[in-house]
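Take a look at the structure below.
Convention: sequence-line order gives letters A, B, ...; per-chain numbering from 1.
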Amino acid sequence: MLSINNISKTFNIGTINEKQALDGVNLFVNEGDFITVIGGNGAGKSTLLNIIAGVYMADDGELILDGDNITKKPEYKRAQYFGRVFQDPLMGTAASMEIQENLALAYRRGQFRGLNWAITPKEKQLYEEQLKRLGLGLESRMTTKVGLLSGGQRQALALLMAILKKPKMLLLDEHTAALDPNTAQIVQHLTLELTQESKITTLMITHNMKDAIKYGNRLIMMHEGKIIYEAEGAEKQSLKVEDLLKKFEQSAGGYFATDRMLLA
Amino acid sequence: MAQLLQSILGGANQGLLWALLALGVFISFRILNFADLTAEGSFALGGAVVASLITKGLEPALSSLIAFLAGTLAGLCTGILNTKLKIPAILSGILTMIGLYSINIRIMGTSNTSLLRLTTVITYFENLFKIPKIYATLILGVLVVGIIIAVLYWFFGTEVGSAIRATGDNENMCRALGINTDNTKILALMISNGLIALSGAMVAQQQSFSDVNMGIGAIVIGLASIIIGETFMSQKFPFWAKMIFIVLGSVIYRVLITLIIYANIMEPYDIKLLTAVLVIIALALPRIKSLFKNNNFKRVKNNNRG
């Protein structure tokens with residue numbers, strides 16, 4: 001489905017802040033895969049997702065999606081293929097607009113926007129049904145401004161917005177990291193439920209190694225812009241957090257960097 | 001007394017025509033979240049275009065429409081500078097504004113043009129209904145403002161209008177949802193500056209002359225109208241009601257100025273300073289309020305008690 005071929009990216013070339021974020025990354029994503037991505041700070045996880053989504057353009061390499069070369073397509077044009085949820089709950093929704101207006105914007109992801117009404121009565125029914133799936137009671141608050149919702153509610157809404165119009169692939173960039181543990185778990189469960197129900201191919205960055213092992217059918221570990229370890233199927237299911245730490249030390253020749261990954 | 005009422009009505013009339021400017025600034029400043037200084041140039045551009053076309057014998061209504069279109073071009077210029085050439089918003093506006101100064105003189109051939117004894121949209125209404133200028137202006141102002149509010153209400157309820165509102169709120173989300181934010185910004189700036197130029201065209205016809213300097217302070221005047229309107233509105237107001245209150249803000253602003261000049265409290269040239277101070281106070285108010293609510297403030301008090 002999505003073929004990531006030898007992608008490299010360096011930021012601030014020619015300055016003292018030069019940083020190679022990705023160094024020849026290769027990955028083939030199959031239809032229906034749920035891939036979890038782990039790695040320390042600065043490993044290139046977010047850059048990889050942002051290159052796929054078109055936020056940054058790759059210096060080198062190719063992205064082929066279902067036979068279509070999308071390497072040079074601008075971000076807003078790639079939106080037709082990808083649903084995205086960001087780490088910051090404020091980033092995925094428009095605070096000054098109503099819940100239903102946000103959903104209507106998401107419902108037209110990747111479509112031409114003309115002079116038709118931004119939201120039709122028929123859609124409102126659909127949104128109500130979809131909001132019920134979240135189980136947060138938002139279906140009775142469709143005209144509430146999103147700015148009045150809690151971080152967790154906003155993130156759940158952002159998740160629904162990302163899959164409202166079924167994307168070819170869902171890109172999740174530590175989307176539960178900014179939430180309190182309880183809410184994070186709720187959103188994480190929702191993610192699993194919604195992606196399984198609609199059979200959506202997913203790439204999920206997480207800092208939580210237990211989640212990375214528990215969810216999905218594949219796992220990749222990144223370090224210094226490279227994929228240093230991959231596991232899938234039975235091998236992935238039998239992994240333990242300690243195994244991942246050991247793998248990291250072997251491949252990277254150092255300790256698995258951050259405290260928050262160990263504590264999670 | 002009759003004279004006072006006349007000047008209040010005159011102020012209200014001006015407020016209605018300047019309200020188009022306020023609505024234009026509302027679109028750029030509040031909806032798009034873009035401090036667009038093009039306003040100063042596009043307001044004078046509207047006046048220059050309408051004055052030069054009317055003196056050449058063109059229909060005043062058609063001339064006003066062309067003034068609107070000229071304004072959209074000014075917005076297009078600022079939009080391209082900002083989105084395609086990545087020049088910061090404020091600088092993009094200033095560059096277009098300063099360029100327009102020369103263009104406006106080129107359009108008129110001189111730095112000001114008189115419209116006395118020529119047919120304007122206002123004299124057209126005077127002759128049509130056989131009424132004095134002051135009532136003709138009132139009818140025209142209500143009509144034009146009414147139509148513009150209706151069109152804007154419809155437009156911002158459409159898919160593309162909604163995309164513009166979202167762009168002003170959260171650009172990252174917009175791009176992730178497939179909205180070309182460069183295009184939505186350019187479009188909003190075009191509509192905004194079109195309205196501002198239309199306002200300049202109306203004001204020039206009302207005062208029977210156009211001057212290359214008539215746009216000085218336009219953005220601050222627009223902001224003052226918005227702020228006055230907002231003090232009377234609630235955040236829960238629907239969009240059309242907000243626009244009506246901004247028009248009211250513009251009318252109140254003009255009537256206030258008329259009264260100040262009438263009562264001889266200030267010289268007319270002091271008004272701009274007064275306007276600037278008014279806008280500063282209004283913009284600083286939330287900050288001043290939060291300073292008083294600040295936890296530091298409470299902590300100091302608690303420490304003193306301890």
Side-chain angles (χ1 to χ4, degrees), chain A residues 49-50 53-55 73-98 100-120 123 143-148 154 157-158 161-162 164-165 167 170-171 173, chain B residues 26-34 79 83-86 150-188 190-191 226 230 233-243 246 286:
Chain A
L49 236 63
N50 283 328
V55 180
K73 264 196 184 176
E75 183 184 4
Y76 73 92
K77 279 193 183 157
R78 284 190 217 181
Q80 58 180 302
Y81 314 122
F82 302 114
R84 284 155 68 194
V85 186
F86 311 102
Q87 179 173 354
D88 181 356
L90 305 183
M91 250 172 94
T93 46
S96 67
M97 297 174 80
E98 296 169 356
Q100 57 179 13
E101 287 177 321
N102 271 272
L103 287 165
L105 284 167
Y107 192 52
R108 288 164 180 74
R109 178 168 47 76
Q111 284 177 11
F112 174 76
R113 289 161 210 262
L115 293 176
N116 296 316
W117 290 117
I119 181 165
T120 62
E123 286 168 40
T143 55
T144 302
K145 296 261 159 68
V146 169
L148 298 173
R154 277 182 85 159
L157 179 64
M161 283 167 64
L164 188 60
K165 185 174 167 236
L170 180 64
L171 305 174
D173 189 355
Chain B
F26 177 66
I27 291 171
S28 59
F29 200 82
R30 280 281 190 259
I31 296 182
L32 195 61
N33 207 1
F34 188 112
T83 59
K84 305 295 180 200
L85 305 181
K86 308 288 176 210
V151 171
L152 288 179
Y153 181 66
W154 162 76
F155 178 73
F156 281 104
T158 64
E159 289 170 343
V160 60
S162 170
I164 289 176
R165 285 189 289 146
T167 304
D169 187 305
N170 187 342
E171 267 189 65
N172 276 310
M173 177 199 77
C174 283
R175 281 194 291 270
L177 295 180
I179 294 169
N180 183 341
T181 50
D182 286 2
N183 288 354
T184 48
K185 277 188 209 169
I186 291 172
L187 185 59
M190 287 176 73
I191 296 168
I226 293 170
E230 281 175 344
M233 71 169 92
S234 132
Q235 272 310 306
K236 285 183 188 140
F237 276 15
F239 186 58
W240 56 268
K242 282 186 182 169
M243 288 192 285
I246 287 165

Between [X] and chain B, which part of the residue has a heavy atom less than 4.5 Å away: side chain, backbone, both or neither?
| X | answer |
| --- | --- |
| A:K165 | neither |
| A:L171 | neither |
| A:A106 | both |

Original post:
Tell me, do B:L177 and A:M161 make a side-chain contact under 4.5 Å, heavy atoms counted?
Top reply: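 Result yes, sub-4.5 Å side-chain heavy-atom pair found.
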Surrounding [atom1] of [X] (heavy atoms of other residues, nucleotides or ligands, distance under 6.0 Å), is the total greater than 12?
| X | atom1 | result |
| --- | --- | --- |
| B:K236 | NZ | no |
| B:F29 | CZ | no |
| A:K73 | NZ | yes |
| B:Y153 | OH | no |

Original post:
How many angstroms lie between CG in B:N170 and CG in A:N102, if you round to the nearest 0.5 Å?
Top reply: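 Answer for the CG-CG pair, B:N170 versus A:N102, is 8.5 Å.
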Original post:
Say you draw a straight line from CG of B:N172 to CG of A:L90; how long is it, rounded to the nearest 0.5 Å?
Top reply: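 Here the rounded value is 11.0 Å.
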Original post:
Under a 4.5 Å heavy-atom cut-off, does chain A meet the side chain of B:Q235, its backbone, both or neither?
Top reply: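 Backbone of B:Q235 only, per the 4.5 Å heavy-atom cut-off to chain A.
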**OP:** Please look at B:F156 and chain A and tell me whether the side chain, the backbone, both or neither of the residue comes under 4.5 angstrom of a heavy atom of that chain.
**Re:**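 Interface part for B:F156: neither.
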Subject >> side chain to side chain contact (heavy atoms under 4.5 Å, CB included) between A:M97 and B:S162, worked out >> reply: CA-CA 9 Å; A:M97 297 174 80; B:S162 170; 3.6 Å; yes
Original post:
Counting only N and O atoms by type, is there a donor-acceptor contact under 3.5 Å from the side chain of A:N116 to the main-chain atoms of B:E159?
Top reply: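 The answer is no, because no donor-acceptor pair under 3.5 Å joins these two groups.
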Residue, of [options], that accumulates the most heavy atom pairs under 4.5 Å with chain B:
| options | value |
| --- | --- |
| A:R84, A:Q80, A:R108 | A:R108 |
| A:G110, A:A104, A:S96, A:A162 | A:S96 |
| A:F82, A:Y76, A:F86 | A:Y76 |

**OP:** Could you tell me which non-hydrogen atom of B:A163 sits nearest to which non-hydrogen atom of A:R113, and how far apart they are?
**Re:**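 Nearest pair, atom of B:A163 first, then A:R113: CB-CD, 4.0 Å.
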Subject >> Contact listing (chain A partner; residues 179-187 of chain B; heavy atom under 4.5 Å) >> reply: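 B:I179, B:N180 fall under the 4.5 Å cut-off.
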